[in-house]
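Note that these values count all heavy atoms, side chains included, but never hydrogens, waters or copies made by symmetry. Here the structure is a predicted model, which means the values were calculated and not measured.
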Amino acid sequence: TKHHMTNNTQGARVTPLSRPRLLWGSGRSAAWIVLATGIVLSVAAWFFAQTVVERDARFKFQSATIAVTTTAQTLIRSYSDLLYGLQGLFQAEPAVSRAAFNQYVYALNLPLRYPGVRSVSYAHRVPASAKAEYERQLRRDPELIRRGYGNVVIKPAGERPEYFVLTYIEPLHANKAALGYDLASDVERMALVERARDTGMPTLSGRVVLVTDPTRSEIGVIMRQALY
């Protein structure tokens, strides 16, 4: 979901706009992970192709099945390219501001070029020792205050060894319910981040309930990518 910057794992100050230096120890070798970017896809748009493939296969419409499968593969590549573009943004300028992220996503023209994409996000890794300070920084974020979202907390509540906080998400107004959400609080979402970390490639989830929907009634799929 690429993301994010100079952080001290000993605690003191976590700065989203500082240069990346986050150590993530895994069962394998320790890796420097700095961000996780992601996109949330409408389940209706994504699974339409799969449904048609299964239906056509049952009726042995081989040519139609091949055509729809090719379309699905093209969609996957386009969504992956979107994440690679975000990766390039953070590699070129590690101190990507919220305003710059907003402008970048706005320039993508999601409704026209990526109609199945509901949101584009950046999740920041925060060690437990820095949680309180990171929340204070979010609440003081001038861009969030300007846009009317100055009371952000990391959610759901609870103590965890580390947090992967949805820090940037666009379009913000339509996805405000997800701002501050901790991916590490959900087993499936955290497993997706870990797979992205281990493979170094865009990684797709199964069907999940979207936290971007305040009623928690909308289903979608998520694609994330990690940057080391």
Side-chain angles (χ1 to χ4, degrees), residues 1-3 35-59 61 64-87 105 108 110-125 154-156 158 160 163-226:
T1 263
K2 346 187 255 131
H3 328 145
L35 56 82
T37 55
I39 55 177
V40 171
L41 312 176
S42 163
V43 71
W46 184 262
F47 285 99
F48 169 75
Q50 177 179 316
T51 300
V52 175
V53 167
E54 292 172 350
R55 183 196 65 193
D56 288 352
R58 287 196 299 270
F59 290 95
F61 294 156
T65 300
I66 292 172
V68 174
T69 299
T70 301
T71 299
Q73 291 172 342
T74 300
L75 285 173
I76 292 172
R77 284 195 297 270
S78 70
Y79 297 143
S80 296
D81 288 344
L82 191 161
L83 286 180
Y84 281 124
L86 283 170
Q87 184 181 63
V105 175
L108 291 174
L110 295 178
L112 180 65
R113 297 177 60 198
Y114 302 95
V117 174
R118 160 138 189 188
S119 68
V120 181
S121 64
Y122 154 71
H124 194 87
R125 178 180 178 266
I154 295 175
K155 56 193 176 187
R160 291 176 283 278
Y163 304 82
F164 280 80
V165 183
L166 286 178
T167 299
Y168 296 169
I169 186 165
E170 297 294 342
L172 178 56
H173 180 71
N175 298 283
K176 58 187 177 184
L179 187 62
Y181 181 79
D182 174 28
L183 301 179
S185 68
D186 180 87
V187 173
E188 186 172 358
R189 285 177 169 82
M190 192 59 198
L192 183 66
V193 171
E194 290 173 341
R195 288 199 303 274
R197 172 200 66 190
D198 292 341
T199 64
M201 299 177 65
T203 304
L204 188 67
S205 75
R207 298 187 186 206
V208 296
V209 176
L210 300 182
V211 297
T212 52
D213 176 17
T215 67
R216 299 296 175 91
S217 60
E218 186 176 354
I219 304 297
V221 292
I222 301 168
M223 184 179 283
R224 290 209 171 275
Q225 180 165 3

Verdict with reasoning, Arg189 to Tyr181, per side chain to side chain contact (heavy atoms under 4.5 Å, CB included): CA-CA 11 Å; Arg189 285 177 169 82; Tyr181 181 79; 3.8 Å; yes
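- Here CE of Met201 is found 4.5 Å from OH of Tyr84. Values are rounded to the nearest 0.5 Å.
- Here CG of Leu192 is found 9.5 Å from CE of Met223. Values are rounded to the nearest 0.5 Å.
- Of all the heavy atoms in Arg113 and Leu108, the pair that sits closest is CD-O, 3.1 Å.
- Between Arg224 and Ser121, the side chains place a donor N or O and an acceptor N or O closer than 3.5 Å (distance only, hydrogens not considered).
- Atom CZ of residue Arg125 and atom CG of residue Leu183 lie 13.5 Å apart, to the nearest 0.5 angstrom.
- Listed for the Asp182 side chain is a donor-acceptor partner under 3.5 Å among the backbone atoms of Phe164.
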Asn175 vs Leu210, side chain to side chain contact (heavy atoms under 4.5 Å, CB included): CA-CA, chis, key distance, verdict: CA-CA 10 Å; Asn175 298 283; Leu210 300 182; over 6 Å; no
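- The shortest non-hydrogen separation linking Gly206 to Glu188 is N-OE2, 4.0 Å.
- For the pair Leu112 and Pro115, the tightest heavy-atom approach, listed with the atom from each and the gap, is O-CD, 3.9 Å.
- Of all non-hydrogen atoms in Ala196 and Gln225, the two that sit nearest each other are CB-CA, 4.1 Å.
- Put simply, the residue from Val165, Val211, Leu172 that forms a side-chain contact (heavy atoms from CB on, under 4.5 Å) with Leu179 is Leu172.
- Across every non-hydrogen atom of Pro171 and Ser119, the tightest pair is CD-CA, 4.3 Å.
- To the nearest 0.5 Å, atoms OG1 (Thr203) and CD1 (Ile222) are separated by 12.0 Å.
- Across all their heavy atoms, Ala178 and Ile169 have their closest contact at CB-CD1, 3.8 Å.
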